[in-house]
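Values reported hereafter were calculated over all heavy atoms of this structure, with side chains retained and with hydrogens, waters and symmetry mates removed.
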Amino acid sequence: MITPGQTVQHYENFPVGSFLLPRVFRQPIAVVYHIARYADDLADEGDASAAERIAALNECSAELARIAAGQTPLTPRFQALVPVAARYQTPLSLFEDLFSAFRQDVVKTRYQDFGEVIDYCRRSANPVGRILLHIFGFSDARMLAQSDGICTALQLVNFWQDVAIDLDKDRIYLPQDELNKFGVSEEMLFARQHNTAFTRLMAYQCERARKMLRAGSPLGRALPGRIGLEIRCIVLAADRVLSKLKAVNYDVYTARPSLQTLDWPVILYQAIKAGWFTAPAQTTGCSH
């Protein structure tokens, strides 16, 4: 079981709060990130029972309630959130959305349709982008919508990278109705069958995620300076992962396509150049 003060180390395709951001933002973003990661670990890591996981996540919600009531949280992790939430006027409801999604992960392992997946993303991913915008000092409705598009796409990219990993947890984010549409059964998934039907299903999922990235990508040009550069790098990183998935014909069973050290200079160059997603003849902003 994950205990308070303990955090599992994770590989991150899309790190936030990197050296690209002005220093003033890194500490508050680190506070937010560690709370989100800790709560996510409560849902997923260790050997705790479902009841223990839910109880631990409920205690996270109780810490938010203490902050809202003007009381001192019991744990250092949430005590650090108090000045951040006050200074940046960050809605505590966004953190509760995260916790509700993580509680759902404990009890829900199948998604009937894409609408259910999107509802999960609305609570598991979108709040992070909205919190960051509050920290950056932007809460324009268009920017929030673009952030939602990017964050949902990032969550979907992680899902499609991690199909095999999630199967080990008896968890399937691929919508049930779309499995049926493409002729892919759960038995085929658990047998790790990489066939034409699975390839077509995954290509459909990845192209839909890429369209969401493109829809949200103007946010990276609207935000100023190094903030915009960070967002452009994140978008391009996700796009590059989608290209890597396509390059292996969506065989996520053999290997998990992920970003490597040498990918980042290319991503940074493209982000600085800022010519991504502008040429109509291109299907992706990254090299294949």
**Student:** Once rounded to the nearest 0.5 Å, what's the spacing between atom CH2 of Trp160 and atom CD of Gln205?
**Tutor:**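 Between Trp160 CH2 and Gln205 CD, I get 4.5 Å after rounding to 0.5 Å.
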**Student:** Tell me whether Leu242 is reachable from Leu262 by hopping between hydrophobic residues (I, L, V, M, F, W, Y) whose side-chain heavy atoms are closer than 4.5 Å.
**Tutor:**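 No.
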**Student:** Does the distance from a Lys or Arg side-chain N to an Asp or Glu carboxylate O, for Lys181 and Asp177, drop under 4.0 Å?
**Tutor:**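 Looking at Lys181 and Asp177, the cut-off is not met.
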**Student:** Leu21 and Ile227: which non-hydrogen atoms are nearest, and at how many Å?
**Tutor:**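 The pair with the smallest heavy-atom distance is CD2-CA, 3.8 Å.
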**Student:** Salt-bridge test for Asp239 and Lys246: reply yes if a basic N is under 4.0 Å from a carboxylate O, no otherwise.
**Tutor:**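 No, Asp239 and Lys246 are not salt-bridged.
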**Student:** Think Arg226 forms a cation-pi with Phe25, using NZ or CZ under 6.0 Å from the six-ring centre and within 45 degrees of its axis?
**Tutor:**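 Because its charged atom misses either the 6.0 Å distance or the 45° angle limit, Arg226 does not stack over Phe25.
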**Student:** Could you tell me whether Arg110 and Asp170 make a salt bridge, using a distance below 4.0 angstrom between a side-chain N and a carboxylate O?
**Tutor:**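 Yes, charged N to carboxylate O under 4.0 Å.
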**Student:** So how far is it from Phe102 CZ to Arg123 CZ, rounded to the nearest 0.5 Å?
**Tutor:**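 Going from CZ on Phe102 over to CZ on Arg123, the span is 10.5 Å.
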**Student:** What closest approach, in Å, do Val241 and Pro257 show between heavy atoms, and which atom pair accounts for it?
**Tutor:**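 Smallest interatomic distance, heavy atoms only, reads CG1-O, 4.2 Å.
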**Student:** Taking side chain as C-beta onward, heavy atoms only, is Lys211 less than 4.5 Å from Glu207?
**Tutor:**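 Heavy-atom side-chain distance check passes, below 4.5 Å.
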**Student:** For Arg130, which residues count as a side-chain hydrogen bond (donor to acceptor under 3.5 Å, both in side chains) partner, sequence neighbours excluded?
**Tutor:**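 Applying side-chain hydrogen bond (donor to acceptor under 3.5 Å, both in side chains) to Arg130 gives Asp148.
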**Student:** Please determine whether salt bridge (charged side-chain N to carboxylate O under 4.0 Å, His left out) holds for the pair Asp166 and Arg256, giving the CA-CA distance in whole Å, both sets of side-chain angles, and the decisive distance to 0.1 Å.
**Tutor:** CA-CA 12 Å; Asp166 287 328; Arg256 181 186 189 267; over 6 Å; no
**Student:** Does a donor on one side chain sit under 3.5 Å from an acceptor on the other, for Ser61 and Glu63?
**Tutor:**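 Looking only at side-chain atoms, Glu63 and Ser61 do not form any donor-acceptor pair under 3.5 Å.
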**Student:** Mind jotting down which residue pairs meet the ring-ring contact (aromatic ring centres under 6.0 Å, His included) criterion with at least one end in residues 193-226? Sequence neighbours excluded, please.
**Tutor:**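 Checked against ring-ring contact (aromatic ring centres under 6.0 Å, His included) - neighbours excluded - the pairs reaching residues 193-226 are Phe182-Tyr204, Phe198-Tyr253.
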**Student:** Should the pair Arg77 and Tyr38 be classed as cation-pi, given the thresholds of under 6.0 Å to the six-membered ring centre and 45° from the axis?
**Tutor:**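 Cation-pi check for Arg77 and Tyr38: passes.
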**Student:** Apply salt bridge (charged side-chain N to carboxylate O under 4.0 Å, His left out) to residues Arg200 and Glu178 and explain how you reach the verdict.
**Tutor:** CA-CA 11 Å; Arg200 290 177 59 243; Glu178 293 176 2; over 6 Å; no
**Student:** Indicate yes or no: at least one non-hydrogen side-chain atom of Leu132 is less than 4.5 angstrom from one of Val32.
**Tutor:**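 A side-chain contact under 4.5 Å is absent here.
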**Student:** Drop me the distance from Leu98's CG to Ile35's CD1, to the nearest 0.5 angstrom.
**Tutor:**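 Here the interatomic distance stands at 10.0 Å.
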**Student:** Salt bridge check, Glu116 against Lys108: does any charged N sit closer than 4.0 Å to a carboxylate O?
**Tutor:**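 Looking at Glu116 together with Lys108, the answer is yes, because their closest N to O distance falls below 4.0 Å.
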**Student:** Output all residues satisfying side-chain hydrogen bond (donor to acceptor under 3.5 Å, both in side chains) with Thr109, sequence neighbours left out; order by chain, then residue number.
**Tutor:**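 By the side-chain hydrogen bond (donor to acceptor under 3.5 Å, both in side chains) rule, Thr109 matches no residue at all.
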**Student:** For a quick test of reading the model, state the closest non-hydrogen atom pair linking Arg103 to Leu57 and the distance between them.
**Tutor:**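 Minimum heavy-atom separation between Arg103 and Leu57: NH1-O, 3.5 Å.
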**Student:** Is Asp44 paired with Arg171 through a side-chain N to carboxylate O contact shorter than 4.0 Å?
**Tutor:**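 Salt bridge flag = yes for Asp44 with Arg171.
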**Student:** Looking at Val235 and Ile150, what are the two nearest heavy atoms and their distance?
**Tutor:**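 That would be CG2-CD1, 3.7 Å.
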**Student:** Rounded to the nearest 0.5 Å, how far does CZ of Arg240 lie from CG of Asp263?
**Tutor:**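 Answer for the CG-CZ pair, Asp263 versus Arg240, is 4.5 Å.
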**Student:** Angle class for the Tyr120/Tyr173 ring planes (parallel below 30°, perpendicular above 60°, tilted otherwise)?
**Tutor:**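 Correct class here is tilted.
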**Student:** Looking only at non-hydrogen atoms, find the nearest pair between Arg53 and Leu42 and report the distance.
**Tutor:**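 For Arg53 and Leu42, the tightest heavy-atom pair comes out as NH1-O, 3.0 Å.
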